[in-house]
Amino acid sequence: MTKKKTFVLIFLSCVLVLLLGLGAWAIVKHYQKISLTGLHDTIPYGFGKKATVIFLAGQSNAAGCSRDEYLQKNVSPEQYAKYENGFDNVYINYFASATNESHAFVKCEARQGEWGGFFGPELGLAEKLSETFPDQTFFIIKYAWGGTNLYEQWRSPSSGGEVGPLYNSFVEYALNSLEYLTLKGYDVSVEAMCWMQGESDSLEEQHAIDYEANLSNFISDIRAEFAPYASRDGIAFVDAYIADSYFWKHYIKLNQAKQAVADSSPMNVAIDTIAHGLSITEEPVGEPDIAHYDSLSEIKLGHLFAEQCISFFDPFGHRR
């Protein structure tokens, strides 16, 4: 071999080693960025695939206090197996009252509510999304904490005074989740936020009186916070009435406020859970938990959330 050929081979080898080194360095830096989001790396790379994102937030009926044991009794074995196995095209990153959290995007399935034996509206939400769009990929970001109010704990900046700790925590949690999805190569689009909250605000008359203004400000601030990730027509806000329980003293005033906010914008919706017959009186049998929805009603709440979300978007980003 001539000296010239030897030099060329050595040069090419050096270039190859350099390129491999740069590639390895880029991979390391990429996963260092992923680790900074605080999420375990659990999903495949997206390669530009559309990621339709839905937020789910609020207090205990959003976190999930409906009992899995009753869900098993109330549906067929085949149906429950579907819930237990989860939905292959619907992932969730969830924080439920600091008693149960995923620290990662995982398949949406049973027992992702407060503690291990409970579930929230995410289950019905995922079921309806998966049935309607089986070939699309959805990501639910759930952050909910039982017994919390909008008046102080979820208070947003536009309402004045001290910003609520849960507002700040939710924004940070959701932004970290969205950054992770972006780093994983997904084309992220936040289409809607589902809000199941207000029970705690119904306990105090002043909280209920101020709820309309506080909720309107909350929605505006959420849309501003997540504008870089919003779908082209913005983020729909899908709210739900609280139950007509004597436990929630000012529920009528509270639900009137929710409806007024919904009526203020075509991008807002309030689901009348009372008219839809959601129940709080059956479970546990003989000693019902009147603060939280019975198992089939929680599934129905998720379905209602999904139906309203779907009315605003399709997975290709085109409004209907």
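- If you check the side chains of Thr52 and Gln136, you find no donor sitting under 3.5 Å from an acceptor.
- Residues Glu225 and Tyr167 have side chains that bring a donor and an acceptor to within less than 3.5 angstrom of each other.
- Phe55 is connected to Phe218 through a chain of hydrophobic side-chain contacts under 4.5 Å among Ile, Leu, Val, Met, Phe, Trp and Tyr, so both are in one cluster.
- Under the 4.5 Å side-chain contact rule for hydrophobic residues, Leu278 and Ile290 share a cluster.
- With hydrogens and angles left out, the side-chain atoms of Ser60 and Glu199 include no donor and acceptor closer than 3.5 Å.
- With rounding to the nearest 0.5 Å, the separation of OH in Tyr70 from OG in Ser295 is 9.0 Å.
- Although no hydrogens or angles enter the test, the distance criterion places no donor-acceptor pair under 3.5 Å between the side chain of Asn89 and the main chain of Thr137.
- In this structure, Gln59 contributes its side chain and Gly198 its backbone to a donor-acceptor pair below 3.5 Å.
- No side-chain N or O of Gln259 forms a donor-acceptor pair with one of Asn255 less than 3.5 Å apart.
- For Lys253, the side-chain contact (heavy atoms from CB on, under 4.5 Å) criterion is met by Ala208, Ile209, not counting sequence neighbours.
- With salt bridges taken as basic N to acidic carboxylate O contacts below 4.0 Å, one links Arg111 and Glu84.
- Note that Arg223 lies outside the cation-pi zone of Phe226, set by a 6.0 Å cut-off to the ring centre and a 45° limit from the axis.
- Phe119 and Phe139 fall within a single hydrophobic cluster, where Ile, Leu, Val, Met, Phe, Trp and Tyr are joined by side-chain heavy atoms under 4.5 Å apart, directly or via other members.
- Distance CG/Asn93 to SG/Cys108: 11.5 Å, rounded to 0.5 Å.
- Relative orientation of the Phe133 and Phe138 rings is tilted, given thresholds of 30° and 60° on the angle between their planes.
- Of the possible donor and acceptor atoms, none in the side chain of Ser231 sits under 3.5 Å from a partner among the backbone N and O of Ser189.
- Relative orientation of the Trp154 and Trp195 rings is perpendicular, given thresholds of 30° and 60° on the angle between their planes.
- Looking at heavy atoms from C-beta onward, Leu296 lies out of side-chain contact with Lys300 at the 4.5 angstrom threshold.
- Side-chain atoms of Asp239 do not come within 3.5 Å of backbone N or O of Asn268 as any donor-acceptor pair.
- Ile299 has its side chain out of reach of Val75: every pair of non-hydrogen atoms, C-beta onward, lies at least 4.5 Å apart.
- Across all non-hydrogen atoms, the minimal contact from Trp145 to Ala98 is CH2-CB, 3.8 Å.
- The CG atom of Leu56 sits 6.5 Å away from the CD1 atom of Ile92 when rounded to the nearest 0.5 Å.
- With 3.5 Å as the limit, one finds a donor-acceptor pair spanning the side chains of Tyr83 and Glu127.
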Is there a side chain to side chain contact (heavy atoms under 4.5 Å, CB included) between Tyr94 and Asn100 once you walk through the steps? CA-CA 8 Å; Tyr94 64 89; Asn100 191 17; 3.7 Å; yes
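- In this structure, NE2 on His276 lies 8.5 Å from OG1 on Thr273, to the nearest 0.5 angstrom.
- Every residue meeting the ring-ring contact (aromatic ring centres under 6.0 Å, His included) condition with Phe47, not counting sequence neighbours, appears here in chain and number order: Tyr45.
- What you find for Phe312 and Pro266 is that their closest heavy atoms are CE2-O, 3.2 Å.
- Following chains of ILVMFWY side-chain contacts shorter than 4.5 Å, one can reach Tyr246 starting from Ile242, so the two form part of one hydrophobic cluster.
- Side-chain N or O atoms of Arg67 include none that pairs as donor or acceptor with a backbone N or O of Gly117 at under 3.5 Å.
- Without hydrogens or angle criteria, Lys128 side chain to Ile310 main chain gives no donor-acceptor distance under 3.5 Å.
- Side-chain contact between Leu123 and Gln112 is absent, with no heavy atoms from C-beta onward closer than 4.5 Å.
- With contacts defined as side-chain heavy-atom distances shorter than 4.5 Å, the pair Tyr229/Leu175 qualifies.
- Across every non-hydrogen atom of Ser279 and Ser297, the tightest pair is N-OG, 2.7 Å.
- Hydrophobic cluster membership is shared by Phe237 and Leu178, with clusters built from Ile, Leu, Val, Met, Phe, Trp and Tyr side chains linked at under 4.5 angstrom.
- In this structure, CG on Asp244 lies 4.0 Å from CD1 on Ile274, to the nearest 0.5 angstrom.
- When all heavy atoms of Val261 and Ser216 are compared, the closest pair comes out as CG2-N, 4.3 Å.
- Side-chain contact check for Asp210 and Gln206: at least one donor-acceptor pair (N or O, by modelled atom type) lies under 3.5 Å.
- Contacts of Ala275 classified as side-chain contact (heavy atoms from CB on, under 4.5 Å), with partners at least two apart in sequence or in another chain: Asp272.
- With sequence neighbours left out, Tyr173 forms a ring-ring contact (aromatic ring centres under 6.0 Å, His included) with Tyr143.
- The pair Glu283-Lys73 does not count as a salt bridge, with every side-chain nitrogen at least 4.0 angstrom from each carboxylate oxygen.
- In this view, Ala291 and Phe247, Trp248, Asp289 satisfy the side-chain contact (heavy atoms from CB on, under 4.5 Å) rule, not counting sequence neighbours.
- A donor-acceptor pair under 3.5 Å is formed between the side chain of Lys142 and the backbone N or O of Ala63.
- No side-chain donor-acceptor contact under 3.5 Å links Thr99 and Glu114.
- Judged purely by distance below 3.5 Å, without hydrogens or angles, the side chains of Asp68 and Tyr80 pair a donor atom with an acceptor atom.
- Heavy atoms of other residues, nucleotides or ligands lying less than 6.0 angstrom from CD of Glu69 number more than 12.
- Residues meeting the salt bridge (Lys or Arg N to Asp or Glu O under 4.0 Å) test with Asp221, sequence neighbours left out: none.
- In terms of heavy-atom proximity, Cys309 sits nearest to Cys194 at SG-SG, 3.6 Å.
- Checking side-chain atoms of Lys258 against main-chain N and O of Ala240 turns up a donor-acceptor pair under 3.5 Å.
- A side-chain donor-acceptor contact under 3.5 Å links Asn149 to the backbone of Glu152.
- Between Asp294 atom CG and Leu71 atom CG the span is 11.5 Å, to the nearest 0.5 Å.
- Side-chain N/O atoms of Asn217 and Ser156 include no donor and acceptor closer than 3.5 Å.
- Asn61 contributes no side-chain N or O that, together with a main-chain N or O of Met196, makes up a donor-acceptor pair within less than 3.5 Å.
- Here the closest non-hydrogen pair linking Ser177 and Ile141 is CB-CD1, 3.5 Å.
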